Amino acid sequence: MPELPEVEVTRRSFAERIRGARVQSVRMGKPLRWPLGVPPQALVGRVIQAVRRRGKYLLVDLDEGVLLLHLGMSGRLLFVPSAPPVGPHDHFDLTTDRGVLRLHDPRRFGAVVWARGEGAEPARKLLAGLGAEPLDEGFDAAAFHAALKKRHAPIKQVLLAGDVVVGVGNIYASEALFMARIRPTVRADRLSRERADRLHAAVRAVLARAVERGGTTLRDFANAMGETGHFQLDVAVYGRAGQACVVCATPIRLLRQGQRSTFFCPVCQRS
DNA sequence: CTATGGACCTGAATGC
DNA sequence: TGCATTCAGGTCCATA
C-alpha cells in the first residue's frame, strides 16, 4: 500500500491534530514486524510534539523518545476522536486525550518501534542507510547521477532499494521510469548524466503529484481521516499490462524484476 | 562491497 | 462449490 506519497499524505492528515496530545493508554494486538522495544505502559503520560517523515517511516516525537511507525505493505493509520470496535487486524492503538491513533495492518509487515531518540537503537539502525529525500532541496541531480554510477543492478531495482533515494516503491518506480523514458532493465551505471537528470526530475514530479492527489488507492489506501487517494487516475503504466500506452498506444508490457512486477512501454522506453 | 533470492503474513483473485 | 495457486503498495537477512 504505502510508498512515500501515501505515508506523507497520512502524516499530513493527523500531524496537527495530534500535536500536544497526551498518551492515556496503549493497546497492542498481534506481533508486528518488530517488537515495540519498551513495555506499552512506558508510553503512558508522554506528550506528542510532532509527526515527521523519513522515507516511508513516520517519526512521532514524544517528550521522551520517538515512535517509528512503518506501514509495510498493508498498513493504514486512523486517527479518530474515539476508538471504533477493534477488528482482527487492528494491532496498535495509541489512545490520547485528543483521539485514538490506530494501526490497521492485515499482513503485519508494518511496525511500531520506540527509541530514546532518532540516533538511538533501534531507530538508528532502521534509518541508517536510507537515501536522499526526493522532495527535499537537498536531493541533488549530480549526486544522484554519481550514486547511480556505482550500481550495476537494473535501474528499477536501484530505485526500489531505497539507499540512493527513498520513498519510491513499486508503483512510482514504474511511473517515474516511464516519465523519464528509461527502460527499467538498464543498468544504473549506464545512465548518462542527461538521462539521470530526467529520472531525477521524474521521481520528484511523480511523487509530488501523487502527494497532491492524496496518494494512490488501488484497493484500500486511505489517510488517517479515512479519505482515499486519486493518483490511480493518473497512472500511466502501473497495472496496465496489455493496455494502450497513453503516449503511443503500444501495449504496455509486464516483466518480473526481483519478484516484483514492472510495467513499461517498449516504444517510449526504448533504452 | 554488491547483487540476488527467500522470508515474513493475510486476503483477494484466478484457475482447474 | 471447493481447493490450489498466484499475486499484492516493503524490506531485512542470508548467501553467492
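Convention: sequence-line order gives letters A, B, ...; per-chain numbering from 1. Bear in mind that the values here come from a model prediction, so they are computed numbers and not experimental data. Side-chain atoms are counted along with the backbone in the values below, which use heavy atoms only and exclude waters and symmetry mates.
- To the nearest whole angstrom, the two P atoms, one in dT11(C) and one in dA12(B), are 23 Å apart.
- Contacts of L218(A) with the nucleic acid, taken as non-hydrogen atoms under 4.0 Å apart, include base atoms.
- Nucleotides of DNA chain C that come within less than 4.0 Å of any heavy atom of chain A span, from the 5' end to the 3' end, dC7(C) to dC12(C).
- Where DNA chain B meets chain A (any atom under 4.0 Å from a heavy atom), the bounding nucleotides read 5' to 3' are dA3(B) to dG11(B).
- Between R54(A) and E133(A) there is a salt bridge, with a side-chain nitrogen of the basic residue lying less than 4.0 Å from a carboxylate oxygen of the acidic one.
- Listed by residue number, the members of residues 222-239 of chain A with any heavy atom below 4.0 angstrom from DNA chain B form an empty set.
- For the P atom pair drawn from dC7(C) and dG5(B), the interatomic distance equals 15 Å after rounding to whole Å.
- Hydrophobic clustering (side-chain heavy atoms under 4.5 Å, transitive across Ile, Leu, Val, Met, Phe, Trp, Tyr) groups I48(A) together with F92(A).
- F221(A) comes within 4.0 angstrom of a nucleotide base, judged by non-hydrogen atoms across all strands.
- The aromatic rings of F79(A) and F14(A) sit tilted relative to each other, their planes meeting at an angle between 30° and 60°.
- Near DNA chain B, defined here as any heavy-atom distance below 4.0 Å, the residues from residues 143-152 of chain A are R151(A), H152(A), listed numerically.
- Placement of L103(A) and V100(A) in two distinct hydrophobic clusters is found when ILVMFWY residues are connected by side-chain heavy-atom separations under 4.5 Å, directly or transitively.
- Stem regions annotated for DNA chain B: B:2-8 with C:10-16, B:10-16 with C:2-8, counting only runs of 3 or more consecutive pairs of Watson-Crick or G-U type with both contacts under 3.5 Å.
- Judged as a salt bridge (charged side-chain N to carboxylate O under 4.0 Å, His left out), not a single pair has a partner in residues 166-183 of chain A (not counting sequence neighbours).
- Few gaps surround CZ on R195(A); more than 12 heavy atoms of other groups in view lie less than 6.0 Å from it.
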Tabulate below the donor-acceptor pairs under 3.5 Å that side-chain atoms of residues 25-36 of chain A make, not counting sequence neighbours, or state none.
from	atom 1	to	atom 2	distance (Å)
R27(A)	NE	D93(A)	OD2	3.3
R27(A)	NH1	D90(A)	O	3.4
R27(A)	NH2	D90(A)	O	2.9

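- Side-chain contact between I18(A) and R98(A) is absent, with no heavy atoms from C-beta onward closer than 4.5 Å.
- The stretch residues 154-166 of chain A does not touch DNA chain C, since none of its heavy atoms comes less than 4.0 Å from the strand.
- Summarising the geometry, atom CG belonging to L59(A) is positioned 10.0 Å from atom CZ belonging to R11(A); distances are rounded to the nearest 0.5 Å.
- Side-chain contact annotation: R256(A) with S261(A), donor-acceptor N/O pair under 3.5 Å present.
- Spacing of P atoms, dC9(B) relative to dC3(C), comes out at 24 Å, to the nearest Å.
- L58(A) and F221(A) are not part of a single hydrophobic cluster, where members link through side-chain heavy atoms under 4.5 Å apart.
- Map R33(A) and R219(A) each onto its nearest nucleotide of DNA chain B; the residue landing nearer the 5' end is R33(A).
- Using a 4.0 Å heavy-atom cutoff across all strands shown, G72(A) reaches sugar-phosphate atoms only and no base atom.
- For the atom pair CZ (R204(A)) and CG (D136(A)), the distance works out to 8.0 Å, reported to the nearest 0.5 Å.
- Rounded to the nearest 0.5 Å, atoms CG (L4(A)) and NZ (K56(A)) are 8.0 Å apart.
- Within the model, atoms NE2 of H89(A) and CZ of R108(A) stand 9.0 Å from one another, a figure rounded to the nearest 0.5 Å.
- Against DNA chain C, the stretch residues 107-132 of chain A makes heavy-atom approaches under 4.0 Å through R107(A), F109(A).
- Backbone-only engagement by R256(A) is indicated by non-hydrogen atom pairs under 4.0 Å involving sugar-phosphate atoms exclusively.
- Here S74(A) lies out of heavy-atom contact (under 4.0 Å) with every strand.
- Other residues sharing a hydrophobic cluster with F264(A) under the 4.5 Å side-chain heavy-atom criterion for ILVMFWY residues are L255(A).
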Would you be so kind as to tabulate the donor-acceptor pairs closer than 3.5 Å made by side chains of residues 111-120 of chain A, with sequence neighbours excluded?
from	atom 1	to	atom 2	distance (Å)
E118(A)	OE1	R52(A)	NH1	3.1
E118(A)	OE1	R52(A)	NH2	3.0

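- Qualifying side-chain contact (heavy atoms from CB on, under 4.5 Å) partners for A141(A), counting only residues two or more places apart in sequence or in other chains: R193(A), D197(A), H200(A).
- Here D189(A) lies out of heavy-atom contact (under 4.0 Å) with every strand.
- The backbone N or O of A224(A) lies less than 3.5 Å from a partner atom in the side chain of S13(A), making a donor-acceptor pair.
- Ion pairing between a basic and an acidic side chain is recognised when a charged N comes within 4.0 Å of a carboxylate O; D220(A) and R76(A) show no such pairing.
- Linking ILVMFWY residues whenever their side-chain heavy atoms come closer than 4.5 Å, directly or via other members, leaves V7(A) and V9(A) in distinct clusters.
- Rounding to the nearest 0.5 Å gives a distance of 8.5 Å between CG of L101(A) and CG of L78(A).
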